[in-house]
Each structure stands twice: as structure tokens, then as C-alpha cells.
Amino acid sequence: GVAASAATGRLWVSTIKRLACIDLATDRLLWDVAPEGGCDRLTVSPDGRTLYVPSFEGPHWNVIDGLTGETRTTLVLN
């Protein structure tokens, strides 16, 4: 999946195992993480500070800080 934010000038790209953040002004890779359960197609909050990343064909979503790549919490959906 791919998502971008004009507010933060960042682009996020996910594969089934990893999530990366690229600064659009410098084309520099800012961080690259492997969230628990892998990644499916992500979505970003309007302010570009929160990413909602479903696990790859799994039961939970990771809520990730869009600036640092740190997992804030995990949501289990039934």
C-alpha cells in the first residue's frame, strides 16, 4: 500500500512485512519498521501523524506514529 500526507510531506509504503517512510522534500528514507503481524494497505489520519495499518490477513490493526514509526497500540477486531 501507499499513502502520503501534504501536511507532513511524507510518503509511506507498505509491503506484506514492512512499512517505510520517505521524506518527500529530500527523498530520504526516514524509517523502516516491521510491525507485528505484517502489513496490509494502510491509511493515514488527515494530519499525517497517525497510521492505521491492518496486519496482513490477521485479526488486528497496528496504530503507528506517522513521524517516528513507533507502534502506539494494537486494535483487535472481531
Side-chain angles (χ1 to χ4, degrees):
V2 176
S5 170
T8 61
R10 294 182 180 206
L11 173 78
W12 299 276
V13 180
S14 67
T15 67
I16 61 173
K17 295 183 180 182
R18 302 198 67 80
L19 175 64
C21 179
I22 300 166
D23 183 307
L24 291 172
T26 63
D27 292 332
R28 197 178 93 203
L29 179 66
L30 299 176
W31 49 261
D32 181 2
V33 296
E36 181 181 339
C39 305
D40 212 328
R41 291 168 289 213
L42 69 148
T43 190
V44 61
S45 64
D47 66 3
R49 296 183 175 270
T50 305
L51 306 176
Y52 299 93
V53 185
S55 57
F56 185 70
E57 297 183 2
H60 71 274
W61 287 56
N62 290 302
V63 180
I64 296 176
D65 186 306
L67 301 179
T68 67
E70 293 180 37
T71 299
R72 291 183 183 160
T73 191
T74 299
L75 306 173
V76 178
L77 309 173
N78 295 325

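Of all non-hydrogen atoms in Pro46 and Ala7, the two that sit nearest each other are O-CB, 4.4 Å. Counting all heavy atoms, side chain and backbone alike, His60 lies closest to Gly37 at CE1-CA, 4.1 Å. Contact detail for Arg41 and Gly1: the closest heavy-atom pair is CG-CA, 4.1 Å. When all heavy atoms of Arg49 and Arg72 are compared, the closest pair comes out as O-NH2, 3.1 Å.
The OG1 atom of Thr71 sits 5.0 Å away from atom CG of Asn62, with the distance rounded to the nearest 0.5 Å. From Asp65, atom CG reaches atom OG1 of Thr73 across 13.0 Å, with rounding to the nearest 0.5 Å. Considering OG1 of Thr8 and CG of Leu24, their distance stands at 8.0 Å, rounded to 0.5 Å. Separating the CH2 atom in Trp61 from the CG atom in Leu42 is a distance of 9.0 Å, to the nearest 0.5 Å. The CH2 atom of Trp31 lies 7.5 Å from the OG1 atom of Thr68; values are rounded to the nearest 0.5 Å. The distance from atom CG of Leu51 to atom OG of Ser45, rounded to the nearest 0.5 Å, is 7.0 Å.
A 4.5 Å side-chain heavy-atom check between Pro35 and Ile64 finds at least one atom pair inside the cut-off.
Here the side chain of Ser5 pairs no donor or acceptor atom with the backbone of Arg10 at under 3.5 angstrom. In this structure, Thr43 contributes its side chain and Tyr52 its backbone to no donor-acceptor pair below 3.5 Å.
Note: the hydrophobic cluster containing Leu67 does not contain Trp12 (ILVMFWY, side chain heavy atoms under 4.5 Å, direct or indirect links). Taken together through direct or relayed side-chain contacts under 4.5 Å among Ile, Leu, Val, Met, Phe, Trp and Tyr, Val2 and Leu29 form part of one hydrophobic cluster.
Using a cut-off of 4.0 Å between Lys/Arg side-chain N and Asp/Glu carboxylate O, Asp23 and Arg28 are scored as not salt-bridged.
The one candidate from Ile22, Val44, Leu30 that meets the side-chain contact (heavy atoms from CB on, under 4.5 Å) condition with Leu11 is Ile22.
Considering only residues two or more places apart in sequence or on other chains, Asp40 meets the salt bridge (charged side-chain N to carboxylate O under 4.0 Å, His left out) condition with none of them.
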